[in-house]
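Fair warning: this is a prediction, and the values are worked out from it, not measured in the lab.
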Amino acid sequence: MENPAAQTVPRRRYWLRLGLASIVSLVAVGLVAAVLFARSEALQLISNPRDQRQPLEGSPADLGLPYEEIETRSEDGLRLVGWYIPTENGAAVIAQHGYKSNRDELLEEAEMLHRHGFGVLITTVRAHDQSEGEQITFGYHEMKDLTAWYQFLLGRPEVDPHRIGIIGNSMGGSLVIQYAALNPEIRAVVAHSPFSSIDDTVATSVKALTGLPSFPFAPLIVFWAEQETGLDSSEIDGKRWIPSISPRPVFILMGGQDSQVSVKSGELLYAAAGEPKEFWFEPDLGHAAFDTELPDEFERRVVGFFEKYLLGG
């Protein structure tokens, strides 16, 4: 007679193997899904096709500003569009929009600076607004665009080349830090909610926008973005650039409720910057919200900063 206990052992082993195989299959499916999701997010991160860009919702004319509709070309041949508001005091400020935004983001800042006599060059970079290009490289190729815009200002006889400053929002804040580090003729820098590094901001954005944990999704997204662009994400790091701006001044603004850029980005950048430097932190403000939530103090501090360092000497 067959022993029932002897039959039970093989059955248990069978069900154990089946269970383990099922777990392995589920894990494999989950990993494949995570990799595919990360690649999709990476492509969305670095791509901005013209037919998907947000349209302009205003122009300097809406604020009664005198302006010119202008364009230039980057070193690698891309057509870039912008607005120029002439200077009345010889000083000019380059104003750079943020990630997947456009020129009208800086209209209030332009109006504010114009009232105090500054010229304002509202710039766009590749893959944004109505400019050419469809791939975003977070500074690697965009430096060619800001160089072209700087050359435009040098061609304006009313602009004193020793009185050029720069301001940027969000990704634009990071771009202006990088550009000022490359161009010693930029005399003063204002960075509004800049990210300290691409790795840091992707980790913050993944959690805020998808609800998914930063790990493993942020590293996977960065990996795929590097594969698509051929760039090394470790090179997109404002902490490496900002020290070389000194002895020129830099002013960093960061809100404590920022969900798009890590709040510690401002602290890291400020710590890495040389003197002179200023840091304005507001614990209750969100991303790039100083101009809309605290407009009077924003005007006093930002205009005062540019007046001190572009007109004071």
Side-chain angles (χ1 to χ4, degrees), residues 48 53-74 78-133 136 139 142-156 158-159 163-180 183 186-194 251 253 288 290-292 295 298-299 302-303 305-306 310:
N48 199 19
R53 299 176 196 172
Q54 63 184 57
L56 286 169
E57 296 180 353
S59 80
D62 298 328
L63 299 179
L65 298 173
Y67 77 103
E68 300 172 27
E69 189 93 31
I70 57 173
E71 64 178 65
T72 189
R73 285 198 176 271
S74 64
L78 295 182
R79 174 181 170 270
L80 309 169
V81 299
W83 289 320
Y84 175 64
I85 294 114
T87 180
E88 297 174 359
N89 59 20
V93 177
I94 298 169
Q96 178 55 52
H97 62 72
Y99 176 70
K100 291 190 177 181
S101 186
N102 55 37
R103 283 169 288 174
D104 59 18
E105 178 186 318
L106 279 304
L107 283 175
E108 285 73 20
E109 287 87 338
E111 190 275 333
M112 173 188 81
L113 289 164
H114 171 72
R115 279 191 285 106
H116 293 271
F118 292 92
V120 185
L121 175 59
I122 307 181
T123 57
T124 66
V125 291
R126 64 191 59 211
H128 288 82
D129 201 299
Q130 297 168 8
S131 291
E132 293 180 343
I136 301 168
E142 287 81 0
M143 292 302 99
K144 300 171 187 174
D145 306 339
L146 287 175
T147 297
W149 286 122
Y150 174 74
Q151 292 299 322
F152 169 87
L153 275 184
L154 292 185
R156 302 293 302 205
E158 73 275 17
V159 174
R163 299 182 187 274
I164 296 177
I166 197 165
I167 184 172
N169 288 346
S170 189
M171 183 185 81
S174 299
L175 293 179
V176 302
I177 288 172
Q178 183 179 2
Y179 185 65
N183 184 349
I186 298 297
R187 300 299 181 176
V189 182
V190 175
H192 189 183
S193 299
F251 183 16
L253 295 72
F290 284 77
D291 56 329
T292 55
F298 179 82
E299 179 171 351
V302 172
V303 171
F305 179 82
F306 282 129
L310 296 184

Could you tell me how the ring of Tyr67 sits relative to the ring of Trp83: parallel (under 30°), tilted (30 to 60°) or perpendicular (over 60°)?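 Perpendicular, since the angle between the ring planes exceeds 60°.
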
Under 3.5 Å, is there a donor on one side chain and an acceptor on the other for [X] and [Y]?
X: Asn169; Y: Glu105; answer: yes
X: Thr87; Y: Glu158; answer: no
X: Ser170; Y: Ser193; answer: no

Might you work through the side chain to side chain contact (heavy atoms under 4.5 Å, CB included) test for Phe251 and Val189, ending with a clear yes or no? CA-CA 6 Å; Phe251 183 16; Val189 182; over 6 Å; no

Could you tell me the separation between the [atom1] atom of [X] and the [atom2] atom of [Y], rounded to the nearest 0.5 Å?
X: Glu142; Y: Thr124; atom1: CD; atom2: OG1; value: 11.0 Å
X: Gln151; Y: Leu146; atom1: CD; atom2: CG; value: 12.0 Å
X: Gln96; Y: Ile122; atom1: CD; atom2: CD1; value: 10.5 Å
X: Lys100; Y: Ile136; atom1: NZ; atom2: CD1; value: 5.0 Å
X: Leu106; Y: Ile94; atom1: CG; atom2: CD1; value: 11.5 Å
X: Asp145; Y: Tyr179; atom1: CG; atom2: OH; value: 10.5 Å

Does a side-chain heavy-atom distance below 4.5 Å link [X] with [Y]?
X: Val125; Y: Leu80; answer: no
X: Asp104; Y: Ser59; answer: no
X: Asn183; Y: Thr147; answer: no
X: Ile167; Y: Val302; answer: yes
X: Ile166; Y: Val190; answer: no
X: Asp129; Y: Val81; answer: yes
X: Pro60; Y: Leu107; answer: yes

Can you list everything that forms a ring pair (Phe, Tyr, Trp, His ring centres under 6.0 Å) with [X]? Sequence neighbours excluded, please.
X: Tyr84; value: Phe152
X: Phe306; value: none
X: Phe290; value: His192, Trp280

Please find the pair of heavy atoms, one from [X] and one from [Y], that lie closest to each other, and give the distance.
X: Gly82; Y: Trp149; answer: N-CH2, 3.6 Å
X: Ile177; Y: Ala191; answer: CD1-CB, 3.8 Å
X: Pro86; Y: Pro66; answer: CD-O, 3.5 Å
X: Pro194; Y: Leu253; answer: CD-O, 3.9 Å
X: Gly165; Y: Leu310; answer: N-CD1, 3.7 Å

Residue pairs involving residues 55-68 (criterion salt bridge (charged side-chain N to carboxylate O under 4.0 Å, His left out); sequence neighbours excluded):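 Salt bridge (charged side-chain N to carboxylate O under 4.0 Å, His left out) check on residues 55-68 returns Glu68-Arg156.
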
Could you go through Asn48 and Tyr99, starting from their C-alpha distance and side-chain angles, then the distance that decides it, and tell me whether this counts as side chain to side chain contact (heavy atoms under 4.5 Å, CB included)? CA-CA 10 Å; Asn48 199 19; Tyr99 176 70; over 6 Å; no

Where the side chain of Asp291 meets the backbone of Glu108, is there a donor-acceptor pair that is under 3.5 Å apart?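 No, Asp291 side chain to Glu108 backbone: no donor-acceptor pair under 3.5 Å.
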
Kindly determine whether Met171 and Leu175 satisfy side chain to side chain contact (heavy atoms under 4.5 Å, CB included), including the steps that lead there. CA-CA 6 Å; Met171 183 185 81; Leu175 293 179; 4.0 Å; yes

With side chain to side chain contact (heavy atoms under 4.5 Å, CB included) as the criterion, how do Arg103 and Gln130 come out once you've worked through the C-alpha distance, each side chain's angles and the decisive distance to 0.1 Å? CA-CA 9 Å; Arg103 283 169 288 174; Gln130 297 168 8; 3.8 Å; yes

Name all pairs fulfilling the ring pair (Phe, Tyr, Trp, His ring centres under 6.0 Å) condition that reach into residues 103-126, sequence neighbours left out, sorted by first residue then second.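 Checked against ring pair (Phe, Tyr, Trp, His ring centres under 6.0 Å) - neighbours excluded - no pair reaches residues 103-126.
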
Please enumerate all residues that pass side-chain hydrogen bond (donor to acceptor under 3.5 Å, both in side chains) together with Arg187, with sequence neighbours excluded.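 So Arg187 forms a side-chain hydrogen bond (donor to acceptor under 3.5 Å, both in side chains) with His162, Glu185.
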
Of the options Arg126, Arg73, Arg79, Arg53, which is the one that meets Glu132 in a salt bridge (charged side-chain N to carboxylate O under 4.0 Å, His left out)?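 One option only clears the test, and that one is Arg73.
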
